[in-house]
Amino acid sequence: MKALLTSFDLLVIALAFLIMGLGLARRWALWRENKPAGIAGNWQGLMASVLAHRGILDRPAVGLGHLGAFWGVVIPLLVIIVAQFGFIIPQAPARLLSLIQDLAGAALLIGTVYLLVRRLGREETEGPARTLLPIILLLVIVISGYLAAGARMSILETGGFPWSSPFGWLFSLIAPASPVFMQMMIRLHFLAVLLLIAAIPYTFMRHAVASPLNVFYRKQGPRAALTQPALERGAVGARTVKDLSWKQMLDAEACVACGRCDENCPATISGKPLSPRKVIRTIREQLETVQTQGKPSGNGAALPLLENDVTADEMWACTSCMACVEHCPVAIEPLDKIIDMRRYQVMGKAHLPSEARPMLRDLEIYGDVQGKGAAYRADWAMHRDIPELGRSANPEAADVDVLLYVGCSGAFHPRNQETSRAMAKILKAAGIRFAILGSEECCCGDPARRLGDEALFRRLARQNIIKFEQHQVKKIVTLCPHCLNTLKNEYPELGCQLEVVHATEMVTELIRDKRITLKYPVADKITLHDACYLGRYNQVYQPPRDICRAVPGAALEETERNQEKGFCCGGGGGRMWLHENIGENINVVRAQEIAATEADLIGTACPYCLVMLDDGVKSLEMEKTPKVADVIDIVADALG
């Protein structure tokens with residue numbers, strides 16, 4: 001195989017890569033400037049995403065089109081690089097290599113045409129405009145390459161069907177037997193490749209660099225944990241793009257506007273103004289404004305405000321369900337940007353939806369979202385012989401296997417109190433030594449944090465952590481996925497390392513170990529609603545299903561959207577305390593989908609979901625309204 005590039009060609013190649021490098025360096029200067037040294041990346045995740053297209057292939061048609069375009073570029077590129085070393089390859093392997101390259105070109109052509117048609121057919125202003133130039137260049141590259149190969153075959157007139165280049169042979173049927181034409185196509189092919197390389201920083205094709213980089217630097221550790229703002233240094237959330245972290249800026253650069261976040265966002269689906277894709281696009285556009293204007297001043301006064309482009313209705317519509325994060329193929333997280341914008345509104349400007357203010361005031365004064373106070377926190381357990389840490393004079397009472405962290409809903413909401421009592425019944429039946437904090441327990445802080453009041457969250461968290469340490473708590477079980485996520489994934493950053501499990505995880509083990517036995521039927525058909533904070537946040541999908549299948553005489557019927565694709569109840573992200581004045585109510589949308597299963601009983605594993613779905617189902621005015629119950633209630637009923 002003979003080297004094909006001249007010295008002049010190498011100079012032009014170097015120029016193209018120089019233009020690309022300078023463009024990327026200028027574009028990424030802001031986030032690279034803020035990136036701490038020594039940040040480790042995830043090579044395994046990068047290889048799985050880039051080579052196998054993990055995540056992208058969740059949509060088979062689009063994924064295969066992208067996979068074809070990707071390998072249609074990579075394989076010929078590798079062949080060209082190898083060719084420059086002047087290796088002599090025997091005829092049979094050379095023909096096989098030619099066939100692979102020919103098929104790769106066909107994959108590129110088919111994939112590019114499919115992606116172009118799909119983009120042009122979408123009802124949006126951004127997609128076609130951003131992708132048109134690079135896709136046209138890709139088409140020029142592959143067609144000119146085939147025409148050059150076809151012209152060469154026409155000149156040589158080899159006869160017969162050349163199995164080493166079947167698609168090149170097809171183009172030979174229309175390509176003239178002209179050396180001049182062949183050279184023109186070769187130069188056109190060459191220049192189009194260089195133009196595409198040079199244009200990467202300035203077109204949609206920059207995702208070819210930014211997206212793998214974003215996957216490489218994807219969040220390590222608990223995926224659901226929010227970032228900790230440096231309150232001691234005056235950080236109060238995101239006022240401008242300058243207040244975002246380097247990773248949040250890289251997220252904006254990596255977005256390909258595929259729309260998967262919008263297609264799975266409950267706020268978008270139910271007619272709210274929120275679009276996670278628009279939030280990311282707004283950040284990218286404001287970053288571009290900063291790059292155009294030059295380096296911003298220290299106080300950020302000359303920068304555009306995020307709140308000018310992301311309205312309050314958009315900001316507060318988010319349920320923090322993490323569907324956008326789950327379905328993004330390149331590891332972008334719109335959620336943490338929305339939370340940071342909320343933080344600035346609450347801590348920086350004292351702007352908060354009026355209906356949420358009483359709840360935050362109750363949290364600040366009483367330590368619970370109901371405003372009841374610590375003296376009433378253990379009333380649900382009255383006359384139930386439930387040990388309360390700190391109240392018993394018997395030292396053995398403090399020697400327990402697990403702390404049952406009840407949470408605000410389980411302690412005060414009448415419906416959720418039933419679930420707390422059901423859990424206590426199950427633990428007693430299994431012989432588990434457990435206790436509660438009772439009046440010493442306070443809210444985990446999740447509602448405050450999701451609404452943007454980071455300072456209040458930390459105050460509540462420290463109060464709980466002091467009690468955990470005082471009573472030497474080692475393991476916690478909780479009924480609320482919001483408490484689970486906060487205690488398990490967010491308290492460690494405040495120095496509290498505990499084993500935290502959800503009630504369904506513990507009960508599943510008790511059933512498996514035959515420490516409890518479900519004896520009585522409760523329904524013929526059960527359907528299950530996956531709580532976002534239990535499923536997407538903590539990957540707990542199987543335990544609630546195992547429990548439902550263990551109920552005698554019950555068949556489990558899945559909803560259309562379940563597990564990773566589950567649909568939010570509408571109560572997360574502080575939305576339990578906010579009015580829903582725009583579009584359809586999210587809980588009603590979900591209730592309609594669940595009702596389609598014709599199940600007798602709707603099981604869930606979250607106090608928020610229980611209340612929201614119960615309201616949603618009742619609003620449907622069905623002839624036979626299914627009952628909504630916590631999975632723990634179902635177990636307690638089946639125990640008898």
Side-chain angles (χ1 to χ4, degrees), residues 3-29 31-32 46 49-51 53 56 65-85 100-102 104-113 115-116 119 127-149 183-216 250 253-257 284 287-288 291 330:
L4 301 175
L5 299 178
T6 65
S7 298
F8 177 76
D9 291 337
L10 293 175
L11 181 63
V12 178
I13 291 171
L15 181 61
F17 276 96
L18 178 63
I19 294 172
M20 180 191 71
L22 291 174
L24 291 177
R26 181 175 180 273
R27 186 172 186 91
W28 294 349
W31 73 261
R32 288 173 62 250
L46 177 64
S49 178
V50 173
L51 300 182
H53 273 44
I56 299 176
H66 194 280
L67 188 66
F70 172 77
W71 285 110
V73 170
V74 170
I75 291 175
L77 182 62
L78 293 175
V79 171
I80 291 172
I81 292 173
V82 171
Q84 305 316 304
F85 295 94
I100 293 173
Q101 190 172 0
D102 191 76
L108 173 59
L109 179 60
I110 295 169
T112 303
V113 170
L115 294 174
L116 176 61
R119 279 280 178 170
R130 294 181 62 224
T131 58
L132 196 57
L133 175 61
I135 286 184
I136 288 175
L137 285 175
L138 283 173
L139 289 175
V140 169
I141 289 169
V142 67
I143 292 173
S144 61
Y146 273 131
L147 285 173
Q183 287 299 320
M184 287 174 59
M185 290 300 101
I186 290 174
R187 302 313 293 179
L188 177 62
H189 180 84
F190 177 68
L191 293 174
V193 169
L194 296 185
L195 182 58
L196 181 65
I197 291 171
I200 283 176
Y202 314 101
T203 67
F204 172 78
M205 284 303 294
R206 65 175 170 272
H207 83 275
V209 182
S211 295
L213 198 60
N214 200 56
V215 172
F216 180 68
L250 181 57
E253 288 290 333
C255 181
V256 298
R284 188 190 70 239
L287 284 171
E288 290 170 349
Q291 292 148 9
V330 293

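Because the structure is predicted, anything quoted here is derived from the model rather than measured.
Salt-bridge check for Glu253 with Arg27: passed, with a basic side-chain N closer than 4.0 Å to an acidic carboxylate O. Salt-bridge check for Glu288 with Arg26: failed, with every basic side-chain N at 4.0 Å or more from each acidic carboxylate O.
Closest heavy-atom contact between Ala257 and Cys255: N-SG, 3.3 Å. Between Pro201 and Ile19, the closest heavy-atom pair is CG-O, 4.4 Å. Nearest heavy-atom pair across Pro76 and Trp71 is CD-O, 3.8 Å. Here the shortest heavy-atom pairing between Leu46 and Phe216 reads CD2-CD1, 4.0 Å. Residues Tyr146 and Ala106 share a closest heavy-atom pair of OH-N, 2.7 Å. Closest of all the heavy-atom pairs between Ser144 and Leu188 is CB-CD2, 4.1 Å.
Listed by chain and number, the residues in a side-chain hydrogen bond (donor to acceptor under 3.5 Å, both in side chains) with Asn214 are Lys247, Asp251 (sequence neighbours excluded). Under the side-chain contact (heavy atoms from CB on, under 4.5 Å) criterion, Leu287 pairs with Leu30, Val241, Met249, Ala252, Ile283, Gln291, not counting sequence neighbours.
Residues Leu139 and Leu116 have side chains in contact (heavy-atom distance under 4.5 Å, counting atoms from C-beta outward). Using a 4.5 Å heavy-atom cutoff, the side chains of Val209 and Ile200 are in contact. The shortest distance between side-chain heavy atoms of Val330 and His207 does not fall below 4.5 Å. Residues Leu213 and Leu250 are in side-chain contact: their nearest non-hydrogen atoms beyond the backbone lie under 4.5 Å apart. Using a 4.5 Å cut-off on side-chain heavy atoms (C-beta onward), Val193 and Ile197 make contact. A 4.5 Å side-chain heavy-atom check between Phe190 and Ile141 finds every atom pair outside the cut-off.
The line from CG of Leu195 to CG of Leu137 is 5.0 Å long, rounded to the nearest 0.5 Å. Atom CG of residue Leu15 and atom CG of residue Leu10 lie 12.5 Å apart, to the nearest 0.5 angstrom. For the atom pair CG of Leu196 and CE of Met205, the computed distance is 5.0 Å after rounding to the nearest 0.5 Å. Rounding to the nearest 0.5 angstrom, the gap separating the CE atom in Met184 from the NE2 atom in His189 is 15.5 Å. The line from CD1 of Ile13 to CG of Leu18 is 13.5 Å long, rounded to the nearest 0.5 Å. Of the inter-residue distances, the one linking Thr203 atom OG1 with Leu133 atom CG reads 6.0 Å to the nearest 0.5 angstrom.
Within the structure, salt bridge (charged side-chain N to carboxylate O under 4.0 Å, His left out) pairs that include any residue of residues 186-199 comprise Asp9-Arg187 (at least two apart or interchain).
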